[in-house]
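To keep things clear, I will list the structure first and then write my remarks on it.
Counting starts at 1 for both ligands and their atoms, in listed order.
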Amino acid sequence: MKHLYQSVAVLLGADPKRPVADDYTPEAVTLHAEQKADKTRIAAIHAEMEHKAQHKIPEKWRRRRWTVLILTNLLFVLSFQLDIQILEGALTGSRFVGFHMADLNSALQVMLAYKEVVLNLLIGTITVLILWWLLGGRTFCSWVCPYHLLAEWTEMAHDYLAKKKIVKDHPFDRRVRTYFWIVFGVLAFVTGYTVFETISPTGILSRALIYGPGIALVWVATLLLFEIFYSKRAWCRYACPIGLTYGLVGAVSPLKVTYNLANCFHEAECKKVCEVPHVLDLVIKGRATDVDLFIGADCTHCGRCVDACPTNSLNLEFKGLGQLLK
Ligand code: SF4
Ligand code: SF4
């Protein structure tokens, strides 16, 4: 329960808490002491880093994820263009082989704007809620959202320019995303209009792909340029209310990234590739309070840390089914 509370607090923007002595299990205390006493680990870490420098680890999860993301968005496009009626509508509201689906954040905004529970919308919302609860909440972000894919590409551009010392990252306070979530909820309620939908790059891109480009794409391009030249992954990290809504849904999901302290070398390769590195604070030496832990609700289950970890300390697991594909 304490872990869940902290996971949600971090999702809402709190900094991860340093554990106190009482938080540790006896097994974790023993393991931390053994790792500290084991002088061979330093040499092993150096060997591992050298090996990694010479043998690039393939990003298997990224390839799988990009394939799913592109195919899902393509299915929307083809359903409309060819009128095959498999996945009709756009990401904000759709019908999959006849079943109504509603994006959770859009549904929330619509209900706040209408000030009533719209029955048709409620059925679609519950379907999607169960689906994304099972699939891990923010999995929507890295496996479906078209903006995520563009932001990953612009992140590469940002990293390249940062390496050349042309740009530098300007982080913001992560609590801003929670404030935005509240502000857009209040705006929908007060104005009776889903204000956020007009600036959501997720909706703009989804509609542009299906129905053709519009002027709103200028806003999306502005966001992407801002992320390249000023603040890395700014929209998803500090602004998007959709990410927060799905994060709340995923807080108690059976799909998790799991962490094993026994295998960990604490060299933090995972944190370097993570869009939300605060969720990986537990990999810092001395922070893990148990031998096996799971990563918090802000995790998008992108699998990049799983690919980056050379010692298999991180894995994608489904409760009851165990580890997913390697
Ligand atoms: S945070 Fe928002 S824009 Fe970013 S991937 Fe998630 S839904 Fe898309
Ligand atoms: S913790 Fe791992 S799976 Fe989760 S967002 Fe970060 S890199 Fe992706």
Side-chain angles (χ1 to χ4, degrees), residues 7 10-11 16 57 59-62 64-66 68-69 72-73 90-92 103-106 108-109 128 132 135-155 174 176-178 180-181 184 196-197 199-206 219-220 223-224 226-227 231-251 253 255-259 264 268-284 293-309 312-317 324:
S7 157
V10 170
L11 174 75
I57 301 177
E59 294 214 69
K60 291 188 213 149
W61 280 107
R62 192 178 229 184
R64 289 172 191 144
R65 201 162 44 76
W66 283 7
V68 171
L69 193 153
T72 307
N73 285 282
L91 272 179
T92 38
D103 161 59
L104 298 179
N105 198 70
S106 311
L108 183 68
Q109 298 271 321
V128 173
W132 288 111
L135 295 177
R138 286 207 71 195
T139 312
F140 170 84
C141 292
S142 64
W143 288 76
V144 174
C145 177
Y147 185 77
H148 194 283
L149 183 62
L150 297 187
E152 276 187 76
W153 293 340
T154 48
E155 180 181 11
R174 289 192 303 104
V176 171
R177 183 176 63 172
T178 306
F180 274 167
W181 193 86
F184 284 114
F196 174 68
E197 290 310 319
I199 63 152
S200 164
T202 309
I204 293 172
L205 281 169
S206 180
W219 164 242
V220 179
L223 284 176
L224 293 169
F226 183 76
E227 294 188 3
S231 184
K232 180 166 153 171
R233 301 304 298 269
W235 179 260
C236 299
R237 278 181 175 167
Y238 314 112
C240 183
I242 305 177
L244 181 53
T245 302
Y246 281 89
L248 290 169
V249 173
S253 168
L255 182 84
K256 291 281 178 216
V257 171
T258 55
Y259 170 70
C264 183
E269 287 299 285
C270 51
K271 276 177 91 91
K272 288 180 201 158
V273 295
C274 182
E275 173 195 335
V276 282
H278 45 273
V279 298
L280 288 168
D281 245 48
L282 77 183
V283 311
I284 298 171
L293 288 165
F294 58 82
I295 306 301
D298 211 7
C299 169
T300 68
H301 308 106
C302 69
R304 291 203 69 202
C305 59
V306 178
D307 284 337
C309 176
N312 291 326
S313 286
L314 293 155
N315 283 293
L316 268 163
E317 290 192 19
L324 300 179

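- With respect to Arg177 and Asp298, a salt bridge is recorded, a charged nitrogen being found less than 4.0 Å from a carboxylate O.
- There is no side-chain donor-acceptor pair under 3.5 Å between Trp132 and Thr139.
- Near Val279, with a cut-off below 4.0 Å to any heavy atom, the atoms of ligand 2 are 1 (S).
- Interface of Val276 with ligand 2, defined as ligand atoms under 4.0 Å from a residue heavy atom, comprises 5 (S).
- At a cut-off of 2.8 Å, Cys305 is counted among the residues with an N, O or S atom near atom 2 (Fe) of ligand 2.
- Listed by number with element, the atoms of ligand 1 under 4.0 Å from a non-hydrogen atom of Ile242 are 7 (S).
- Scanning the protein heavy atoms around atom 6 (Fe) of ligand 2, the nearest turns out to be Cys274 SG, 2.2 Å.
- When non-hydrogen atoms are compared, ligand 2 lies under 4.0 Å from the side chain of Val257 (C-beta onward) but not from its backbone.
- Between Trp235 and Phe196, the angle of the ring planes stays under 30°, which puts this pair in the parallel group of the 30/60° scheme.
- Interatomic distance, Leu314 CG to Cys264 SG, rounded to the nearest 0.5 Å: 7.5 Å.
- Within ligand 1, the atoms closer than 4.0 Å to a non-hydrogen atom of Cys236 are 1 (S), 3 (S), 4 (Fe), 5 (S), numbered from 1 in the order shown.
- Residue contacts to atom 4 (Fe) of ligand 2: Cys299 brings an N, O or S atom closer than 2.8 Å.
- The structure places NE2 of His148 at 10.5 Å from CH2 of Trp66, a figure rounded to the nearest 0.5 Å.
- Taking both residues in full, the closest heavy atoms of Glu275 and Cys236 are given as OE2-CB, 3.3 Å, listed atom of the first, atom of the second, then distance.
- Counting protein heavy atoms only, atom 8 (Fe) of ligand 2 is closest to Cys302 SG, 2.3 Å.
- The nearest heavy-atom contact from the protein to atom 5 (S) of ligand 1 is Cys141 CB, 3.4 Å.
- Remark: among candidates Cys240, Cys145, Ser200, Pro201, the nearest residue to atom 2 (Fe) of ligand 1 is Cys240, based on non-hydrogen atoms.
- Atoms of ligand 2 found under 4.0 Å from any heavy atom of Thr300 (numbered from 1 in listed order, with element): 4 (Fe), 5 (S).
- Near His301, the atoms of ligand 2 lying under 4.0 angstrom from a non-hydrogen atom of the residue are 3 (S), 4 (Fe).
- Glu152 and Arg304 are not joined by a salt bridge, as no carboxylate oxygen comes within less than 4.0 angstrom of a charged side-chain nitrogen.
- With a 4.0 Å cut-off on non-hydrogen atoms, Val273 does not touch ligand 2 at all.
- Residues Leu108 and Phe184 form no side-chain contact, since every pair of their non-hydrogen atoms from C-beta on lies 4.5 Å or further apart.
- Proximity to Arg138 (heavy-atom distance under 4.0 Å) selects the following atoms of ligand 1: 1 (S), 6 (Fe).
- For ligand 1 and Trp235, the ligand atoms under 4.0 Å from any heavy atom of the residue are 3 (S).
- In this structure, Ser142 and Arg62 have side chains that are not in contact, with every pair of non-hydrogen atoms separated by 4.5 Å or more.
- For the residue pair Asp307 and Trp61, the shortest heavy atom distance occurs at OD2-N, 2.8 Å.
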